[in-house]
Peer 1: 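Please find one structure pasted underneath; my questions will follow.
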Protein chains: 2
Amino acid sequence: MTGRKILIVDDESSIRDMLRVALEMAEYDCLEASNAQDAHAQIVDEKPDLILLDWMMPGTSGIELARRLKRDEVTAGIPIIMLTAKGEEDNKIQGLEVGADDYITKPFSPRELVARLKAVLRRADPQSNSSPILVNGLCLDPVSHRVTINKQLVEMGPTEYRLLEFFLTHQERAYTRSQLLDHVWGGNVYVEERTVDVHIRRLRKALTVDGHEDLVQTVRGTGYRFSTRIEA
Amino acid sequence: MTGRKILIVDDESSIRDMLRVALEMAEYDCLEASNAQDAHAQIVDEKPDLILLDWMMPGTSGIELARRLKRDEVTAGIPIIMLTAKGEEDNKIQGLEVGADDYITKPFSPRELVARLKAVLRRADPQSNSSPILVNGLCLDPVSHRVTINKQLVEMGPTEYRLLEFFLTHQERAYTRSQLLDHVWGGNVYVEERTVDVHIRRLRKALTVDGHEDLVQTVRGTGYRFSTRIEA
DNA sequence: AACTAGTGTGACAAACTTGTGACAGTCACG
DNA sequence: CGTGACTGTCACAAGTTTGTCACACTAGTT
């Protein structure tokens, strides 16, 4: 299992069915939506790893939804593949201008679609390709769902693991508590901002081997940052 | 590519489409026929490695075609999986009496179908995957269908054996309960996720020799993992 | 130095997750 | 038919995690 979630957004159920079969065979988890409203709700709640988005839909169009998603910081990073009809080159260009990561033209081969999808996922997050992330002896392996420091097993809870995973895939960048809540807890939770501080403390405590707790740094007045640059 | 050719015989094009997508994703070559005459011609001409045969079809029925194929020396060796409607136990028995190698009930999960298909092909061609797996003195031998720890025979039920077999062929990787259900129980079962926990307990109990139960590890909030790395 | 805003910390209750013993139902076998 | 093995489920026990809060401490400003 890839542990990846793909959202299929298309009003035609036969297309959704076909895509679901293909993606399940390739061991992705599938979500489905037949319109933009459903899609948006699922994107916020479920945080899919990639969205397959039909160009043309009743009500809010796919292109409009893509535009909205790319404008919102929380969802901007989710890769989008537009599904377009044959012969509509203008749609492709417009899709790419809006920020879609790729397009694929109906009718398409399931194998081609999965290959394209894999390529987009690889591009979107080169470090999250099921390979371990290694920083100064700190290692997070998504496949075995395990963290080690200098080969030594490190215990932590699920939330701390997710926080560390987020930090390791977004290094050298400061995030507010609010942003961390959205990215790590999800956009639909009601949690005090100060709770982030408590989990930061728990993560730091778990990482207290050979000074690795210092990788998680406070940015006073802003929030936190994961950085390999340690001030003396 | 597996180099294997599968013939899909079903009068419903939506079923054929779904099966084709699933099988192509699994890298099989597909042939299709919507009736028994077409099917028979393709079987003679193309010599598929396995036939997926719908029970019920207009004109000559699937069961009749199966009977004919099993009677003919040229085609008798081709494995047949009957596709039956839910609730028709008599059909299943009749199919197996006629010589079908397995049956699968609509609606079915593509993943289960491919797993079944692989099992049938493996049976038809027994020269595959029969070497014992050895981990820290724990040994699973698929040929004798036996498990030992440090040469000591270990008793366990069929489900625990299958679970262990899955783990030994997928080490160092965390799986959710849902994934374990799909892989070990099959995709078309209706079993509570918590049942996995009970079987994990039973497997751990069976492996309680020299601490081997610790190889089956809980990944809290996710599921389970089989790993040779043991917490201190 | 005093003050204030911001962050760290210990502790706790509630919620959640996993482990366990037990049981009923089913099935294969003698 | 009786019996033992197997399976799935359930209620309760045990263990862990989570979010919150009051207080302590620190950094920055005046």
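Here is the naming used below: chain letters follow the sequence lines, and residue numbers restart at 1 for every chain.
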Peer 1: Starting at CZ of A:R220 and ending at C1' of C:dT7, how long is that distance when rounded to a whole Å?
Peer 2: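 Interatomic distance, CZ of A:R220 to C1' of C:dT7: 6 Å.
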Peer 1: Could you tell me how far apart B:E193 (CD) and C:dG19 (C1') are, to the nearest whole angstrom?
Peer 2: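 Nearest whole value for this atom pair: 17 Å.
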Peer 1: How would you label the contact of B:T218 with the nucleic acid (heavy atoms, under 4.0 Å): base, sugar-phosphate, or nothing?
Peer 2: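 Contact class for B:T218: sugar-phosphate only.
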Peer 1: Determine yes or no for a side-chain-to-main-chain donor-acceptor pair under 3.5 angstrom, with B:N136 supplying the side chain and B:L138 the backbone.
Peer 2: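 Not a single qualifying donor-acceptor pair exists.
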Peer 1: Test your reading of the model: is there a side-chain donor-acceptor pair from A:R225 to the backbone of A:Q217, 3.5 Å cut-off?
Peer 2: no
Peer 1: Taking only the side-chain nitrogens and oxygens of A:W185, find out if one of them lies under 4.0 Å from OP1 or OP2 of D:dG19.
Peer 2: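 Checking A:W185 against D:dG19: at least one side-chain N or O falls below 4.0 Å of OP1 or OP2.
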Peer 1: Contact class for B:E160 vs. all strands (heavy atom < 4.0 Å): base, sugar-phosphate, or nothing?
Peer 2: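 Sugar-phosphate, no base atom in range.
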Peer 1: Nearest whole angstrom, please: distance from the P of C:dT20 to the CZ of B:R194.
Peer 2: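 Value for this atom pair: 11 Å.
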Peer 1: Check each residue of residues 196-206 of chain A for a non-hydrogen atom within less than 4.0 Å of any atom in DNA chain D, then write out the ones that pass by number, or none.
Peer 2: A:V198, A:H199, A:R202
Peer 1: Would the base of C:dG6 count as contacting A:R177 through its side chain, where contact means a donor and an acceptor less than 3.5 Å apart?
Peer 2: no
Peer 1: In sequence, state the C-alpha distance, the side-chain angles, and the governing distance for A:H199 and A:E160, and then conclude on side-chain contact (heavy atoms from CB on, under 4.5 Å).
Peer 2: CA-CA 6 Å; A:H199 282 280; A:E160 282 79 60; 2.5 Å; yes
Peer 1: Just compare D:dT20, D:dG8, D:dA11 and give me whichever is closest to any side-chain atom of A:T195.
Peer 2: D:dT20
Peer 1: Can you check the A:Q217 CD to C:dG6 P distance for me, whole Å?
Peer 2: 20 Å
Peer 1: Start at the 5' end of DNA chain D and walk down; is the nucleotide closest to A:G157 or to B:P158 reached first?
Peer 2: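 Comparing both residues, the 5'-ward one is B:P158.
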Peer 1: Provide, to the nearest angstrom, the distance between the CZ atom belonging to B:R162 and the C1' atom belonging to D:dC6.
Peer 2: 11 Å
Peer 1: Side chain of B:E192 only, heavy atoms from C-beta on: which candidate in D:dG28, D:dT9, D:dT16 is closest?
Peer 2: D:dT9
Peer 1: Are A:R4 and A:L23 close enough, and set up right, to give a side-chain contact (heavy atoms from CB on, under 4.5 Å), and what steps lead you there?
Peer 2: CA-CA 10 Å; A:R4 293 296 185 89; A:L23 292 173; over 6 Å; no
Peer 1: Could you check whether A:Y224 gets within reach of a base, just the sugar-phosphate, or nothing at all, counting any heavy atom under 4.0 Å?
Peer 2: sugar-phosphate
Peer 1: Between B:T176, B:L180, B:L163, which is the residue that forms a side-chain contact (heavy atoms from CB on, under 4.5 Å) with B:Y224?
Peer 2: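 Single side-chain contact (heavy atoms from CB on, under 4.5 Å) partner of B:Y224 among B:T176, B:L180, B:L163: B:L180.
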Peer 1: Side chain of A:T159 only, please: which of D:dT18, C:dG8, D:dT7 is the nearest?
Peer 2: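 Side chain of A:T159 sits closest to D:dT18.
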Peer 1: Could you check B:I149 against B:L207 for side-chain contact (heavy atoms from CB on, under 4.5 Å), going step by step and ending with a plain yes or no?
Peer 2: CA-CA 8 Å; B:I149 297 183; B:L207 296 182; 4.1 Å; yes
Peer 1: When the ring planes of B:F166 and B:Y175 are compared, do they come out parallel, tilted or perpendicular, using 30° and 60° as the limits?
Peer 2: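 Taking B:Y175 first and then B:F166, their aromatic rings stand perpendicular (interplane angle over 60°).
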Peer 1: Within this structure, what is the CG-to-P distance between A:L163 and D:dT17, rounded to whole angstrom?
Peer 2: 15 Å
